[in-house]
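Written below as C-alpha cells is the structure these notes are about.
Along the sequence shown, residues carry numbers from 1.
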Amino acid sequence: MPSLTAQEYKNDSIFKKCIKEFSKRLCLSDEDGDGILFYLDKCSKEYGQEENEGCPWPDTDGDGILDKDDQCPTIKGFEEFNGCPKPYKPDCNARRISDSLKMTNLRTDHKDIDKIYNLLSKRILDPIKKYHLNSITLYTSLIDWDIHCDLPGCCPDWKNMPSNYLSSKFWNKAALENFYNRKEINAILFSTKFVPDIMPEFKEFADPSLYSFIMKYYKKDSPRLAISKGLDEKSVVVTVRIEFHDPYKLKIFLSDGNRFSTDTTYEYDGKKWNIY
C-alpha cells in the first residue's frame with residue numbers, strides 16, 4: 001500500500017473537501033484494498049486501478065477483454081482479434097457454385113426471352129423521337145467483363161452475372177440487325193472490349209447466332225466492336241444503358257450528353273411491354 005502521507009498530498013484540496021464531509025480516518029482509509037485512499041477513490045468499495053481513479057476497468061461486452069484494450073467494446077470478441085469478433089471469411093467456392101446454379105436456372109427458365117425483348121427493343125428510341133435525329137450512332141455495353149468485387153478476394157465470374165446473360169439476350173442478332181436496318185441508325189458501337197483472350201469464353205456464353213454476328217465485325221486489332229454503315233461526322237451518339245431489375249422489368253437510359261437524358265422503366269405483363 002502506498003504511503004498515506006504521499007497520497008494525502010496528491011490532491012490537498014480534495015482531501016480537505018473530504019474531511020469536511022467525512023472523518024479524517026475514513027478519508028485516509030482504503031476499504032477495498034486497492035492501494036488508493038478513500039478521498040482519491042471514486043469506487044471506494046470496488047478494487048480498481050489508479051489510472052482509472054480507483055475504479056475497475058469495465059468490460060461492457062463481457063468478453064473478458066477490458067474496454068480500454070478492446071477495439072470492439074460493445075461486441076463480444078476474441079483477444080487475438082483485439083476484442084473484435086473473428087473476421088468474416090467468405091466461402092468463395094460455395095459462392096461460385098451458387099452463382100453457377102442460379103445462372104443455369106436463369107438460362108433454362110428464360111432461354112427464349114430474346115423474342116420477348118425484341119418486342120421492346122423496337123420501342124426503346126421512342127422517348128427521343130421528338131428530336132428528329134436523322135443519323136444516330138448507338139453506344140452501349142453488351143457484356144461487362146470487369147465485375148465489382150463486393151467481397152474482397154471473392155469476385156464473381158462475369159459468366160454467372162444475370163445482367164450479362166440478359167444483356168446478351170436483349171442485344172441478340174435479330175435486335176442488332178433490326179437496329180442496323182433502320183434508316184436513322186448509322187452505327188452501333190459497343191463499349192465492351194472484345195479482346196482475343198476472352199473470345200473463346202464468349203463463344204461458349206453467347207447464343208451461337210449472336211456470336212456469329214459479332215464475329216462478322218470483330219477485328220483482333222480493334223477490341224471496340226463497331227457495326228457501321230460508314231463514317232458520318234454529323235451522326236449523334238446516343239448512349240443506351242439498361243438496368244435489369246428482373247428479366248421482365250427494365251429501366252432504359254438514353255442520353256446524347258447534351259440535349260436529352262431520359263430514363264424509362266418497362267415491364268412485361270405476359271403479353272406486351274408497358275411503361276411502368
Under a 4.0 Å N-O cut-off, is there an ion pair linking R95 with D91? no
Is a donor on one side and an acceptor on the other found under 3.5 Å between the side chain of S100 and the backbone of R96? no
Parallel, tilted or perpendicular: ring planes of F202 versus Y211, cut at 30 and 60 degrees: tilted
Do D232 and N186 have side-chain atoms, one donor and one acceptor, less than 3.5 Å apart? no
Would you check if the side chain of D59 reaches a backbone N or O of D63 as a donor-acceptor pair within less than 3.5 Å? yes
T239 and F253, any side-chain heavy atoms less than 4.5 Å apart: no
Is there side-chain contact between P156 and M161, with at least one heavy-atom pair below 4.5 Å? yes
Let me know which of N118, D114, I113, I124 forms a side chain to side chain contact (heavy atoms under 4.5 Å, CB included) with F170. I124
Return yes if some donor-acceptor pair links the side-chain N/O of D144 with the main-chain N/O of D146 below 3.5 Å, else return no. yes
Does NZ or CZ of R107 fall inside the cone over F205's six-membered ring, less than 6.0 Å from its centre and within 45° of the axis? yes
Enclosure of F81 CZ (heavy-atom neighbours >12, cutoff 6.0 Å): yes
K111 side, atom NZ; Y165 side, atom OH - distance, nearest 0.5 Å: 9.5 Å
Quick one: does any side-chain atom of S212 pair with a main-chain N or O of S209 as donor and acceptor, under 3.5 Å? no
Same cluster or not: are F22 and L28 linked, directly or through other Ile, Leu, Val, Met, Phe, Trp or Tyr residues, by side-chain heavy atoms under 4.5 angstrom apart? no
Taking the side chain as C-beta and beyond, is there a heavy-atom pair between I242 and S167 under 4.5 Å? no
Taking all heavy atoms of W145 and all of T192, pick out the closest pair and write down the distance. NE1-CG2, 3.4 Å
Looking at Y117 versus H110, is the centre-to-centre ring distance below 6.0 Å? no
Is it true that atom CZ of F78 has more than 12 heavy atoms of other residues, nucleotides or ligands lying nearer than 6.0 Å? no
Lys/Arg N to Asp/Glu carboxylate O, D246 vs K249, below 4.0 Å: no
Which residue pairs pass the side chain to side chain donor-acceptor pair (under 3.5 Å) test when at least one of the two sits in residues 66-77, sequence neighbours left out? T60-D67
Using a 6.0 Å cut-off, check whether atom CD of E184 has over 12 heavy atoms from anything other than its own residue. yes
Is the backbone N or O of A94 less than 3.5 Å from a side-chain atom of S98, with the two atoms forming a donor-acceptor pair by type? no
So L176 and L210, do their side chains get closer than 4.5 Å, heavy atoms only? yes
Can you find a heavy atom in the side chain of L106 that is under 4.5 Å from one in the side chain of P247? yes
Salt bridge (Lys or Arg N to Asp or Glu O under 4.0 Å) assessment of K169 paired with D207: CA-CA 8 Å; K169 299 298 277 186; D207 286 346; 2.8 Å; yes
side-chain contact (heavy atoms from CB on, under 4.5 Å) between L125 and K129: does it pass, once the steps are laid out? CA-CA 7 Å; L125 298 183; K129 272 186 175 180; over 6 Å; no
Under 4.5 Å between any side-chain heavy atoms of I198 and E201, yes or no? yes
Hey, is the main chain of G48 close enough, under 3.5 Å, to the side chain of D34 for a donor-acceptor pair? yes
If we only count heavy atoms from C-beta on, is the K220 to M199 side-chain gap below 4.5 Å? no
For the backbone of I143 and the side chain of W171, can you confirm whether one donor and one acceptor N or O come within less than 3.5 Å of each other? no
So Y217 and Y180, would you call those rings parallel, tilted or perpendicular, with 30° and 60° as cut-offs? tilted
Measure across T137 and S235 and return the closest heavy-atom pair with its distance rounded to 0.1 Å. OG1-OG, 2.7 Å
State which residue, out of L120, T265, T264, fulfils the side chain to side chain contact (heavy atoms under 4.5 Å, CB included) condition with L250. L120
F213 vs N172 side-chain heavy atoms within contact, under 4.5 Å: no
M103 and N164: side-chain contact (heavy atoms from CB on, under 4.5 Å), yes or no, with the steps? CA-CA 10 Å; M103 178 54 68; N164 278 340; over 6 Å; no
Side-chain (R123) to main-chain (W273) donor-acceptor, under 3.5 angstrom: yes
Checking N52 side chain against G54 main chain: does a donor-acceptor pair fall under 3.5 Å? no
Checking side-chain contact (heavy atoms from CB on, under 4.5 Å) for the pair K42/C55: CA distance, chi angles, key distance, verdict? CA-CA 6 Å; K42 290 192 174 180; C55 293; 4.0 Å; yes
